[in-house]
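Encoded as structure tokens, the structure appears first; notes follow it.
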Number of protein chains: 2
Amino acid sequence: MITFVGGLNHVFRRSTNGFRKLTTVIEENKRWKSNVGFVGLGNMGIPMAKNLLKNGYGVVGNDVSAKQMKFFRSLDGAETADTLQQVAESSDAVITMLPESQHVLLAYTALLKSSKPDQLFVDCSTISPESSKKVSDMAQQKGCKFLGAPVSGGVVGAENGTLTFMVGGDESTLKEAEHLLSCMGSRWVYCGPAGSGLVAKICNNMILGMTMAALSEAMNLGIKLGVEPKVLASVINTSTGRCWASEINNPVPGAVDKQSPSNNDYQNGFKADLLLKDMRLGESLAEGMQTRTPLTRQTVDVYAHISKMGWGDKDFSIAYKYFKEQQS
Amino acid sequence: MITFVGGLNHVFRRSTNGFRKLTTVIEENKRWKSNVGFVGLGNMGIPMAKNLLKNGYGVVGNDVSAKQMKFFRSLDGAETADTLQQVAESSDAVITMLPESQHVLLAYTALLKSSKPDQLFVDCSTISPESSKKVSDMAQQKGCKFLGAPVSGGVVGAENGTLTFMVGGDESTLKEAEHLLSCMGSRWVYCGPAGSGLVAKICNNMILGMTMAALSEAMNLGIKLGVEPKVLASVINTSTGRCWASEINNPVPGAVDKQSPSNNDYQNGFKADLLLKDMRLGESLAEGMQTRTPLTRQTVDVYAHISKMGWGDKDFSIAYKYFKEQQS
């Protein structure tokens with residue numbers, strides 16, 4: 001089985017010799033003395049760190065934004081550290097959730113200066129598999145343990161603690177990290193050695209972007225030809241065209257009753273610019289492997305246009321509105 | 001509600017004055033004297049007509065192939081007619097299931113020469129909405145009732161009587177046709193006036209083709225980068241990339257345990273050439289509406305290449321094999 005469901009009764013406890021070990025605990029609700037460092041207190045990082053606090057960890061946060069640091073300090077059980085060295089020093093395990101490859105590489109250069117042997121690092125950022133492998137090597141050279149574990153589930157999943165982690169690294173390290181992951185998500189999939197979690201995540205998001213563009217293209221055509229959005233969505237969602245983009249995040253306002261971003265002026269979803277970033281990571285991987293990805297190419301073009309139009313902050317399902325307003 | 005589920009206890013009975021009327025019946029299993037004409041006894045037509053026979057209808061079949069006609073005559077309750085005029089004369093309702101627009105137009109030109117007022121015609125072929133509207137007009141001029149009702153579900157759905165019909169035409173005509181449809185399928189969706197069923201079907205199949213190409217592209221990349229096919233499929237099928245193409249018809253051999261065509265050398269599925277035909281119908285609709293469909297364009301290219309390589313008879317999930325063997 002490649003899927004391990006959370007809910008184990010292990011937590012990290014700070015041990016006297018500075019090493020962490022897994023301890024089976026009975027009282028899950030008690031606040032433990034072990035500290036987790038959390039680097040990157042953004043839209044995803046804050047709710048993930050909150051879920052660690054809720055599960056009894058002390059969390060030492062760090063972010064480049066003073067505003068985010070101030071907000072984080074106000075939470076019960078939360079502390080902040082001004083430097084990444086301090087985060088590494090005062091924590092048993094460190095989680096990072098940063099925007100792009102260069103931020104992760106810089107952060108680990110600093111973190112690993114004060115790391116302790118066997119210290120656990122889990123990077124949840126969506127970056128290139130190559131960068132993740134590089135960080136993994138850096139951590140290994142310092143005798144530390146590292147997982148590249150990007151997530152799916154978005155801000156809602158982060159808030160509800162229902163993220164899925166796509167994990168690359170040593171399987172034994174995943175075992176050690178299971179309780180931490182179970183506080184922030186509901187599921188993890190072991191994908192293989194360092195970088196594999198990122199490959200899986202990027203491939204999934206490439207498909208997500210392409211299916212959204214495909215759906216937007218075809219629904220725009222069908223609606224222009226006179227079929228009601230609800231009827232068309234019903235046909236697709238019960239036929240062979242069905243996909244997450246159509247069932248859960250349908251891009252046409254009113255097509256599904258769910259609280260999809262399209263029913264809310266494309267707000268509060270997965271930003272088009274973030275999808276574009278992931279699609280470009282995919283395109284760059286494909287170039288490196290001399291692999292043809294013509295639909296990825298088209299989808300990057302669509303979202304690059306959307307970004308140019310100033311819609312990069314809107315939910316990526318805005319592709320429908322883009323096609324609707326375009327003429328060939 | 002736009003969805004009407006089958007199972008009504010109405011059948012057509014031949015009435016003495018040559019008109020059919022709906023009669024509520026009690027004994028569903030008795031063979032009724034009413035005849036249904038069935039034009040197009042191919043891979044889809046034969047199992048659909050068989051399900052009508054099973055439900056007590058006499059079926060008068062016609063096909064251009066003498067071999068198919070001979071096979072059909074051997075079935076209990078089945079007859080054949082050598083001309084389409086004879087089919088129309090000896091039937092209360094006529095179902096057509098033909099390959100392309102020109103076959104449907106030709107067939108109806110002949111059928112309507114011997115049609116009776118109020119006679120019901122249901123065309124299940126996947127053709128252009130324009131052709132379907134034309135046939136609908138022709139039928140109306142003869143005082144007949146017509147539905148354009150293309151299906152989804154493929155040969156397996158036709159055999160198991162679990163097809164979905166996407167129905168365009170008068171809603172009152174659909175009411176009359178419900179029992180006939182319920183013998184061959186498990187569901188129908190009323191899509192709107194003449195041609196609407198075709199628009200919905202074509203849009204669905206455009207999405208199907210694009211998601212299959214997208215999935216094949218991304219899975220090929222992920223597997224080349226070292227992620228196991230089963231792991232990658234598991235990530236996608238439980239994340240935002242999930243789609244029918246991935247869950248049910250995964251293009252990578254061994255990626256899912258299901259009896260997908262990819263696990264059987266891409267045999268016995270939805271032929272790549274038939275998908276190409278549907279994608280081209282979509283492309284032509286988009287051109288007529290000056291609507292941009294860049295991913296459709298790429299997908300047509302992919303399947304046109306697949307066809308040129310001599311793989312047109314294979315299941316359309318062979319797109320994965322195509323990408324695997326291509327280099328950029």
Heavy-atom cut-off 4.5 Å, strictly under: side chain, backbone, both or neither for B/Thr238 against chain A?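 Backbone plus side chain of B/Thr238, per the 4.5 Å heavy-atom cut-off to chain A.
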
What part of B/Asp301 is in contact with chain A, defined as an atom under 4.5 angstrom from a non-hydrogen atom: side chain, backbone, both or neither?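 Answer is neither: B/Asp301 stays 4.5 Å or more from chain A.
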
Any idea how A/Phe270 and A/Phe316 line up, ring-wise: parallel (<30°), tilted (30 to 60°), or perpendicular (>60°)?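 Answer is perpendicular, since the angle exceeds 60°.
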
Compare every heavy atom of A/Ala149 with every heavy atom of A/Val167, then report the nearest pair and how far apart it is.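 Scanning both residues completely, I find the closest heavy atoms to be CG2-CB, 4.1 Å.
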
Nearest heavy-atom pair of A/Ala319 and A/Tyr303: which atoms, and what distance?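 A/Ala319 and A/Tyr303 have their closest heavy atoms at CB-OH, 3.5 Å.
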
What part of A/Thr293 is in contact with chain B, defined as an atom under 4.5 angstrom from a non-hydrogen atom: side chain, backbone, both or neither?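 Both backbone and side chain.
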
Side chain, backbone, both or neither of A/Tyr322 within contact of chain B (heavy atoms, under 4.5 Å):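 Only the side chain of A/Tyr322 comes within 4.5 Å of chain B.
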
Top of A/Thr240, A/Leu221, A/Val199 for chain B proximity - count of heavy-atom pairs under 4.5 angstrom: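 Highest number of heavy-atom pairs under 4.5 Å: A/Thr240.
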
Count the heavy-atom pairs under 4.5 Å between each of A/Lys224, A/Met219, A/Met206 and chain B, then report the option with the highest count.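 Most heavy-atom pairs under 4.5 Å with chain B: A/Lys224.
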
Using a cut-off of under 4.5 Å for heavy-atom pairs, which of [options] has the most such pairs with chain A?
| options | answer |
| --- | --- |
| B/Thr296, B/Ile202, B/Asn205, B/Asn220 | B/Thr296 |
| B/Ala214, B/Pro294, B/Ala200 | B/Pro294 |
| B/Val302, B/Leu225, B/Thr299, B/Val227 | B/Leu225 |
| B/Gly192, B/Ser239, B/Gly288 | B/Ser239 |

Assess whether a salt bridge exists between B/Lys175 and B/Glu178, defined as any Lys/Arg side-chain N lying under 4.0 Å from an Asp/Glu carboxylate O.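 Result for this pair is yes, salt bridge flagged.
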
Between A/Lys133 and A/Glu130, does at least one N-O distance fall below 4.0 Å, as a salt bridge requires?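 Between A/Glu130 and A/Lys133 there is no salt bridge, as every charged N stays at least 4.0 Å from the carboxylate O atoms.
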
Check: A/Val155 and A/Met44 side chains under 4.5 Å, non-hydrogen atoms: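 Yes - at least one pair of side-chain heavy atoms lies under 4.5 Å apart.
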
We want to know whether B/Asp170 and B/Ser172 form a side-chain donor-acceptor pair, criterion being a heavy-atom distance below 3.5 angstrom.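 Their side chains do not contain a donor-acceptor pair, so the 3.5 Å distance test is not met.
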
Checking B/Ser262 against B/Asp315: is there a side-chain donor and acceptor pair closer than 3.5 Å?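 Side chains of B/Asp315 and B/Ser262: no pair found under 3.5 Å.
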
If the contact rule is any heavy atom under 4.5 Å from chain A, which residues of residues 242-253 of chain B qualify, in numerical order?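 From residues 242-253 of chain B, the residues near chain A are B/Arg242, B/Cys243, B/Trp244, B/Glu247, B/Ile248.
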
